[in-house]
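As the structure is a prediction and not an experimental result, all values here were calculated from the model.
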Amino acid sequence: MATLFELAKVLRSKNSGPFEVTLDILFDSKDTYQRVKDSGKINVKTICDLYNLTENQVHHLVFFDQALGIKITMAREVSSGSIGDRDVYGAQQHAPLMEITIE
């Protein structure tokens with residue numbers, strides 16, 4: 001058993017416009033990527049639970065086999081740079097993913 005933090009080569013978040021944040025999970029080996037994908041742990045329900053979202057707030061969850069990566073795009077609580085925004089660049093939103101455990 002390992003955490004996603006231990007398995008992923010890159011685990012990051014970023015703005016994908018003023019109203020969305022994208023989470024990127026990238027791997028440096030096909031076996032590790034496939035292990036995570038096959039675990040079923042990365043899904044809309046998990047993202048909703050981690051980020052306190054509804055299913056319609058998760059706009060995309062895509063597995064890119066050729067790139068050995070997973071991309072998740074979700075709605076921001078408030079638009080980037082507006083009053084109440086604590087992360088203008090969306091760069092601090094990946095932390096909840098780190099502790100997902102993979103068999």
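Within the 3.5 Å criterion, the main-chain N or O of Thr3 finds a donor-acceptor partner in the side chain of Glu6. Of the possible donor and acceptor atoms, one in the side chain of Gln57 sits under 3.5 Å from a partner among the backbone N and O of Thr54. Judged purely by atom type and a 3.5 angstrom limit, Lys41 uses its side chain to pair as donor or acceptor with the backbone of Thr101. In terms of modelled atom types and a separation under 3.5 Å, the side chain of Ser80 and the main chain of Val88 share a donor-acceptor contact. Checked by atom type and distance alone, the side chain of Tyr51 never pairs as donor or acceptor with a backbone atom of Val58 at under 3.5 Å. For Ser79 (side chain) and Pro18 (main-chain N/O), no donor-acceptor pair under 3.5 Å exists by modelled atom type.
In the hydrophobic clustering of ILVMFWY residues, with side-chain heavy atoms under 4.5 Å counting as a link, Leu26 and Ile47 come out apart. Both Phe27 and Met98 are part of a single hydrophobic cluster, where members link through side-chain heavy atoms under 4.5 Å apart. Ile72 and Phe5 fall within a single hydrophobic cluster, where Ile, Leu, Val, Met, Phe, Trp and Tyr are joined by side-chain heavy atoms under 4.5 Å apart, directly or via other members. A continuous path of ILVMFWY side-chain contacts below 4.5 Å connects Ile70 to Leu50, so both sit in one hydrophobic cluster. Taking hydrophobic clusters as Ile, Leu, Val, Met, Phe, Trp and Tyr residues chained together by side-chain heavy-atom distances below 4.5 Å, Leu23 does not share a cluster with Phe19.
Atom CD of Gln66 is separated from atom NZ of Lys30 by 9.5 Å, given to the nearest 0.5 angstrom.
The minimum heavy-atom distance linking Ala91 with Ser13 is given by the pair C-OG, 3.3 Å. Among all heavy-atom pairs drawn from Ser39 and Ile102, the shortest one is OG-CD1, 3.6 Å. Taking both residues in full, the closest heavy atoms of Phe63 and Ile42 are given as CZ-O, 3.6 Å, listed atom of the first, atom of the second, then distance. When all heavy atoms of Met1 and Glu103 are compared, the closest pair comes out as CE-OE2, 3.4 Å. In this structure, Leu68 and Tyr33 approach most closely via the heavy-atom pair C-CD1, 3.6 Å. Closest heavy-atom contact between Arg76 and Gly17: CD-O, 4.3 Å.
Just one residue in the list Ile25, Val36, Asp28 forms a side chain to side chain contact (heavy atoms under 4.5 Å, CB included) with Leu7, and that residue is Val36.
Shown here is Asn52, whose CG atom has no more than 12 heavy atoms of other residues, nucleotides or ligands within 6.0 Å.
Legend: residues meeting side chain to side chain donor-acceptor pair (under 3.5 Å) with Glu77, ordered by chain and number and at least two apart, are absent.
A salt bridge links Lys45 with Asp49: the distance from a Lys NZ or Arg NE/NH1/NH2 to an Asp or Glu carboxylate oxygen falls below 4.0 Å.
A side-chain donor from one of Thr46 and Asn43 sits under 3.5 Å from a side-chain acceptor of the other.
In this structure, Thr22 and Lys71 have side chains that are in contact, with non-hydrogen atoms separated by less than 4.5 Å.
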